[in-house]
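This report refers to the structure that appears directly beneath it.
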Amino acid sequence: MAILQTLGVTSCVGGAVPFCGSAAEMLRDEFARQIPGQNRLKLQWHMLHPENKGSKDEKLARLNQSISQFTEYWTKENQTFLLVGGDHSCAMGTWGGVINGLRQPGQFGLIWLDAHMDAHTFATSPSGNIHGMPIAALLGRADEKLAAMYPSSDIIKPENLVLIGVRSYESEEYGLLKQAGVDIVFVDEIKGLAQVLIKAIDKLSLSCQIIGISIDLDVLDPEDAPGVETPAQGGIKAEELLAALSLINRHPKICGLEICEFNPEKDTRNKTLHLMKAIIEAFFVAPDKQ
Ligand SMILES: NC(=[NH2+])NCCC[C@H](N)C(=O)O
């Protein structure tokens with residue numbers, strides 16, 4: 001059984017409430033509870049904790065720097081990885097690191113499954129929460145304060161980014177993405193998620209050497225994934241996401257999966273926790289072993 005390098009980021013420093021830091025540890029325990037011999041996936045866990053000193057901004061700058069060292073290494077080694085956040089601000093570290101690991105940083109593509117656009121800067125954010133800003137940094141549109149939390153000097157080209165499942169956003173972030181020319185697939189435009197995902201991968205494959213996938217659990221309908229920090233009604237059904245992920249399972253260009261924003265305080269009977277595990281298995285376990 002292949003071993004999947006997994007980085008758990010136990011941080012909610014960029015989020016609105018202090019609960020989403022426990023996803024990685026809960027998920028690690030959940031995988032450990034499996035009956036031996038029935039494991040379809042073996043995760044090699046590494047854990048990163050935020051420091052308890054310094055300002056929020058300093059903590060996030062250092063945390064993203066540490067995250068990026070892992071993903072840079074795995075990218076250079078051509079090793080597929082899983083990253084379990086934390087709030088979504090860790091995306092600056094995850095994908096900044098992947099970009100750092102590439103000889104041609106312009107050839108990185110990212111598919112972002114999220115109810116939100118996460119494309120604010122400090123100047124436009126209504127909440128000031130940094131989990132609503134990583135896309136602006138990844139596109140090189142950050143203000144100085146946000147740029148200090150992004151651990152790469154290279155960025156994602158707007159044409160190499162696709163947002164899928166969006167339904168909750170502010171006009172400033174929409175303006176930023178529109179102006180940059182980023183491809184956005186709003187949730188009500190999705191007829192079949194698998195089709196949308198395959199189309200995005202096919203498009204990015206033309207210009208990109210590798211492609212990453214970032215899943216904010218709030219892309220799902222709150223009925224299926226109640227345990228998220230910022231729920232938004234009218235999301236994608238869990239069944240549809242799982243089916244789509246098992247179709248793109250192990251696509252040769254995919255370098256890693258990031259999954260974020262689990263909030264156990266809002267979960268009901270571990271529904272979202274179990275779903276997180278199912279998402280990881282749908283994505284990483286070979287179809288004949290599922
Ligand atoms: N990663 C997230 N859950 N982002 C939600 C962001 C919500 C809102 N747009 C804000 O900036 O505050």
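Every number for a ligand or one of its atoms is a count from 1 in the order of the listing.
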(request) Under the side-chain hydrogen bond (donor to acceptor under 3.5 Å, both in side chains) rule, collect the residues that match up with Thr10, sequence neighbours excluded. (result) His49
(message) For a 4.5 angstrom cut-off between non-hydrogen side-chain atoms, does Glu72 reach Val98?
(response) no
(request) Report, as yes or no, whether the 6.0 Å neighbourhood of atom NZ on Lys199 holds more than 12 heavy atoms from other residues, nucleotides or ligands. (result) no
(message) At less than 4.0 angstrom from any atom of ligand 1, which residues have a non-hydrogen atom? List them by chain and residue number.
(response) His88, His116, Asp118, His120, Ser127, His131, Gly132, Glu170, Glu173, Asp216, Asp218, Thr230, Glu261
(message) Taking the ring of Tyr169 and the ring of His116, is the distance between their centroids below 6.0 Å?
(response) no
(request) Please name the residue in the list Lys271, Glu265, Arg269 that meets the side chain to side chain contact (heavy atoms under 4.5 Å, CB included) test with Asp267. (result) Lys271
(request) Just say parallel, tilted or perpendicular for the rings of Phe81 and Trp95, cut-offs at 30° and 60°. (result) tilted
